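Working notes, structure below.
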Amino acid sequence: MAQKPSIPKGTRDFLPDEVAKRNYIFDTIKASFRKYGFEPIETPSFELTSTLLGKYGEEGDQLMFKIFPRGNKLRPLLNATETTIDIISKELNIDYNTNKISDKALDKLTNVFVNRMAEEVLRYDLTVPFARFVVQHQNDLSFPFKRYQIQPVWRADRPQKGRYREFYQCDADVVGSDSLIYEVDFILLFDEVLSNLGLKDFTIKINNRKILAGISEVLNASDKIIDITVSLDKIDKIGVVGVKNELTKSGFSDSFIKKLEPLFDLRGSTKRKLKVITEYLANSNIGLEGVKELLKVIKMVQNLGLKNAKLEFDVTLARGLNYYTGAIFEVKANGVKMGSICGGGRYDDLTGVFGMKDMSGVGISFGADRIYDVLNELNLFPKNVDASLDVLFINFGEKEQDACLKFIKDLRANNISSEIYPSPVKVQKQMKYANDRGVKYIALVGEQELEQGVIELKNMQSGEQQTMSLEEIITHLTH
RNA sequence: GUGGUUGUAGCUCAGCUGGUUAGAGCGCCGGAUUGUGGUUCCGGAGGUCGCCGGUUCGAAACCGGUCUUCCACCCCA
């Protein structure tokens with residue numbers, strides 16, 4: 001009995017029309033990346049564990065696909081002495097009578113064996129591998145270095161809407177300059193690409209880590225900033241009272257929450273929010289610097305103008321990736337239930353961990369798969385993206401086939417995609433095949449046409465049909 | 001990681017409180033139509049009812065486990 005085939009969860013197959021639509025997205029993004037002066041690079045699908053581990057926080061480490069060691073790399077496992085095994089099994093609470101191990105213990109085992117022994121991991125994003133790339137190739141690059149990169153990344157997450165375990169990121173980054181010009185450029189890039197893809201209603205949210213640092217300074221609680229922003233983010237959902245309750249539950253004192261109070265008023269227009277935050281951060285140098293940077297970027301963007309994007313300051317934008325130090329971006333498509341479709345930010349010292357100091361960088365990422373889902377839901381894909389075969393020749397038999405193959409050679413030389421049905425079966429069947437494939441034209445060359453040296457060309461969409469010479473067909477189809 | 005949800009033909013799904021041979025639509029194959037598709041009509045093929053175990057005279061249906069799907073939280077693209 002044949003087994004039913006399947007693919008790992010969180011992964012997908014792509015049919016030809018889906019690939020066509022995806023390529024349309026990739027091509028649109030690439031075209032703009034090039035226009036803004038970015039050059040493509042590629043890096044391997046997997047990296048050394050030491051390169052990636054610890055760069056995304058604890059959560060990231062957990063979500064990384066580890067490559068199980070093989071051969072000699074496995075030797076440490078075998079070298080474990082009986083006493084170490086004994087200690088481990090005691091620690092893990094293995095019941096030798098039932099041989100049962102709890103799920104928690106298994107997770108621990110995974111940690112011990114896989115996390116420590118895996119020397120290679122699938123890449124989790126494109127930014128950290130890029131930092132590694134810059135450090136390794138610094139002598140071959142001129143700075144500021146601008147690169148774009150479109151490759152898949154993997155996360156051992158639990159799939160749900162808009163969340164896959166294998167997906168594409170389309171990144172553009174600049175390293176070697178702290179100029180705010182690039183922040184502005186990236187906002188324009190978001191606007192241009194998403195507008196070109198047909199999106200009309202989307203919001204670019206912007207924040208600055210220095211503002212968040214300023215808030216921690218004012219509150220004198222630098223380690224709590226994430227908790228605070230996560231709660232603040234819920235104001236629209238659960239209201240001020242709900243947020244206060246949640247903060248109390250998280251163990252914050254009433255006096256502390258009182259100090260937070262002015263932040264609950266961060267609502268309304270960006271202009272108003274900026275005013276509130278400026279007052280709040282009056283005594284924090286770093287905070288005010290963040291506000292200054294933000295203001296400058298917003299002003300520059302306003303001067304240049306945006307097509308469709310709304311630019312909005314959002315303090316609750318923290319983004320888990322802990323290497324961001326300046327601007328933080330996130331893009332949401334409005335009117336669709338979907339997480340952020342793009343993200344990005346500035347990192348002052350990403351290459352620092354790899355031994356290269358003072359290389360400020362800033363970058364963005366387009367989530368191609370989520371953009372695909374959004375365009376699909378909003379019906380924004382152009383009709384003609386899945387460019388199929390131009391001409392299919394109907395097969396009438398050996399003699400006709402030879403003539404058709406010559407025609408096909410000429411058509412192809414003129415960049416017109418064409419082929420002949422492989423066997424002289426019933427015309428009806430061949431027509432149906434052409435129809436199913438969405439072929440644009442079919443060509444009929446039977447005994448009669450062969451004698452007269454002509455081709456009967458039928459437009460499959462209109463149903464119109466006319467007799468033409470090969471040259472006429474070529475001019476007809478290339479104009 | 002936490003909570004919930006789903007699994008019956010290639011696809012979308014029916015299948016009443018357990019009862020004999022498991023259904024529909026779409027798709028597929030053949031014919032009506034020997035040089036004309038997307039419409040119509042006729043006929044046909046296709047299912048260990050996710051998997052393992054249990055309850056029962058009897059299980060697609062009930063129970064347990066497991067995998068899978070989708071969703072929310074968390075996190076993020």
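Quantities reported herein were computed from a predicted structural model and do not represent experimental measurements. Numbered from 1 within each chain, the chains take letters A, B, ... in sequence-line order. Every heavy atom of this structure was used, including side-chain atoms; hydrogens, water molecules and symmetry mates were not.
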Worksheet item: Taking the C1' atom of each, how far is rU5(B) from rC67(B), in whole Å?
Response: 15 Å

- Query: Heavy atoms under 4.0 Å, any strand shown: does Glu330(A) hit a base, just sugar-phosphate, or nothing?
  - Reply: nothing

Open item on the list: So Lys426(A), base contact, sugar-phosphate only, or nothing? Heavy-atom distance under 4.0 Å.
Closed with: sugar-phosphate

Between CG of Asp13(A) and C1' of rC11(B) the distance, given in whole Å, is 15 Å

Practice prompt. Kindly assign one of parallel, tilted or perpendicular to the pair Phe407(A) and Phe393(A), based on the angle between their ring planes and the thresholds 30° and 60°.
Written response: parallel

inquiry  = Please determine whether a side-chain nitrogen or oxygen atom of Gln62(A) lies at a distance below 4.0 Å from atom OP1 or OP2 of rG1(B).
reply    = no

Q) Are Phe38(A) and Tyr148(A) close enough that their ring centers fall under 6.0 Å? A) no

**Cation-aromatic face contact Arg155(A)/Tyr124(A), 6.0 Å, 45 degrees** = yes

Taking atom C1' in both rG38(B) and rC71(B), compute the distance separating them and give it to the nearest angstrom.
38 Å

query: Does a side-chain N-to-carboxylate-O contact under 4.0 Å join Asp61(A) and Lys55(A)?
result: no

Considering only heavy side-chain atoms of Arg370(A), the closest of rC71(B), rG37(B), rC76(B) is rC76(B)

The nucleotide from rG35(B), rA77(B), rC28(B) with an atom nearest the side chain of Lys432(A) is rC28(B)

Taking rG35(B), rA72(B), rA77(B) as options, the one with an atom nearest any side-chain atom of Gln448(A) is rG35(B)

The nucleotide from rC74(B), rU36(B), rC28(B) with an atom nearest the side chain of Leu444(A) is rU36(B)

* To do: Sticking with atom P, work out how far rC13(B) lies from rU8(B), rounded to a whole angstrom.
  => 9 Å

*asked:* Give me the distance, rounded to whole Å, that separates rU2(B) from rG18(B) when you measure between the P atoms they each carry.
replied: 34 Å

- Message: Base, sugar-phosphate or nothing for Glu58(A)? Non-hydrogen atoms, less than 4.0 Å.
- Response: nothing

Separation of rA72(B) atom P from Met338(A) atom CE, nearest Å, is 10 Å

### Query
Which part of the nucleic acid does Phe366(A) contact within heavy-atom distance under 4.0 Å: base, sugar-phosphate only, or nothing?
nothing

_Taking only the P atom of each, what is the distance from rG37(B) to rU68(B) in whole angstrom?_
47 Å

Here the distance between atom P of rC76(B) and atom NZ of Lys337(A), to the nearest Å, is 19 Å

field: Inter-nucleotide P distance (rG43(B), rG50(B)), Å rounded
entry: 31 Å

Report task. Describe the nucleic acid contact of Cys342(A) in one word from base, sugar-phosphate, nothing, applying a heavy-atom distance below 4.0 Å. Result -> sugar-phosphate

Q.
Looking at Arg12(A) and Asp369(A), is any side-chain nitrogen of the basic one under 4.0 Å from a carboxylate oxygen of the acidic one?
A. yes

d(Phe366(A) CZ, Ile29(A) CD1) to nearest 0.5 Å is 5.5 Å

| said: What's Gln169(A) touching, base or sugar-phosphate or nothing? Going by heavy atoms closer than 4.0 Å. | reply: sugar-phosphate

Checking N1-N3 plus N6-O4 or O6-N4 for Watson-Crick, or N1-O2 and O6-N3 for wobble, each under 3.5 Å, the partner of rG3(B) is rC71(B)

Determine the contact category for Gln465(A): base if any of its heavy atoms lies under 4.0 Å from a base atom, sugar-phosphate if only primed atoms, P, OP1 or OP2 are that close, otherwise nothing.
base

Taken to the nearest whole Å, CZ/Arg22(A) to P/rA77(B) is 17 Å

In short, Ile41(A) meets Thr43(A) closest at the heavy-atom pair CD1-CG2, 4.2 Å

Rounded to whole Å, the CE-P distance (Met460(A) to rG37(B)) equals 9 Å

Atom CG of Asn459(A) and atom C1' of rG37(B) are separated, to the nearest Å, by 12 Å

For Gly463(A), report the nucleic acid contact type (base, sugar-phosphate, nothing); a contact means any heavy atom under 4.0 Å. base

Any donor-acceptor pair, under 3.5 Å, between the side chain of Lys458(A) and the base of rU36(B), if you only look at N and O atoms? yes

| said: When the C1' atoms of rC57(B) and rU6(B) are compared, how many Å lie between them, rounded to an integer? | reply: 32 Å

Checking rA77(B), rG37(B), rA72(B) against the side chain of Ser340(A) (C-beta onward), the nearest is rA77(B)

Original post:
Do we count Phe396(A) as stacking onto rG35(B) if the rule is ring centres under 5.5 Å and planes under 30°?
Top reply: no

Residue pair Lys429(A)/Pro8(A) against RNA chain B: nearer the 5' end by closest nucleotide is Lys429(A)

Rounded to whole Å, the CZ-P distance (Arg158(A) to rU69(B)) equals 11 Å

TODO: Would you classify Glu166(A) as touching base, sugar-phosphate or nothing, given that sugar-phosphate means primed atoms plus P, OP1 and OP2, and contacts are heavy atoms under 4.0 Å?
DONE: nothing

query: With a 3.5 Å cut-off and just heavy-atom distances, do the side chain of Asn435(A) and the base of rG37(B) make a donor-acceptor pair?
result: yes

Whichever of Gln160(A) and Phe167(A) has the more 5' nearest nucleotide on RNA chain B, that residue is Gln160(A)

The nucleotide from rU2(B), rC75(B), rU36(B) with an atom nearest the side chain of Glu59(A) is rC75(B)

For rC57(B), the nucleotide meeting Watson-Crick or G-U wobble distances (both under 3.5 Å) is rG19(B)

Margin query: Rounding to an integer number of angstrom, what distance separates rA60(B) and rU48(B) when you compare their C1' atoms?
Written below: 12 Å

Quick note, Arg163(A) side chain, CB onward, closest among rC71(B), rA77(B), rG37(B) is rA77(B)

Problem set entry | Geometric cation-pi criterion Arg123(A) and Phe46(A), 6.0 Å radius, 45° cone | no

Please classify the nucleic acid contact of Ile341(A) as base, sugar-phosphate, or nothing, using heavy-atom distances under 4.0 Å.
sugar-phosphate

task = Check if the side chain of Gln461(A) and the base of rG37(B) share a donor-acceptor pair of N or O atoms closer than 3.5 Å.
result = no

Separation of rC75(B) atom P from Met64(A) atom CE, nearest Å, is 18 Å

inquiry  = Just to be sure I understand the rule, does Lys332(A) reach a base, reach only the sugar-phosphate, or reach nothing, if contact means heavy atoms closer than 4.0 Å?
reply    = nothing

Presence of salt bridge, Lys210(A) and Glu293(A), under 4.0 angstrom:
yes

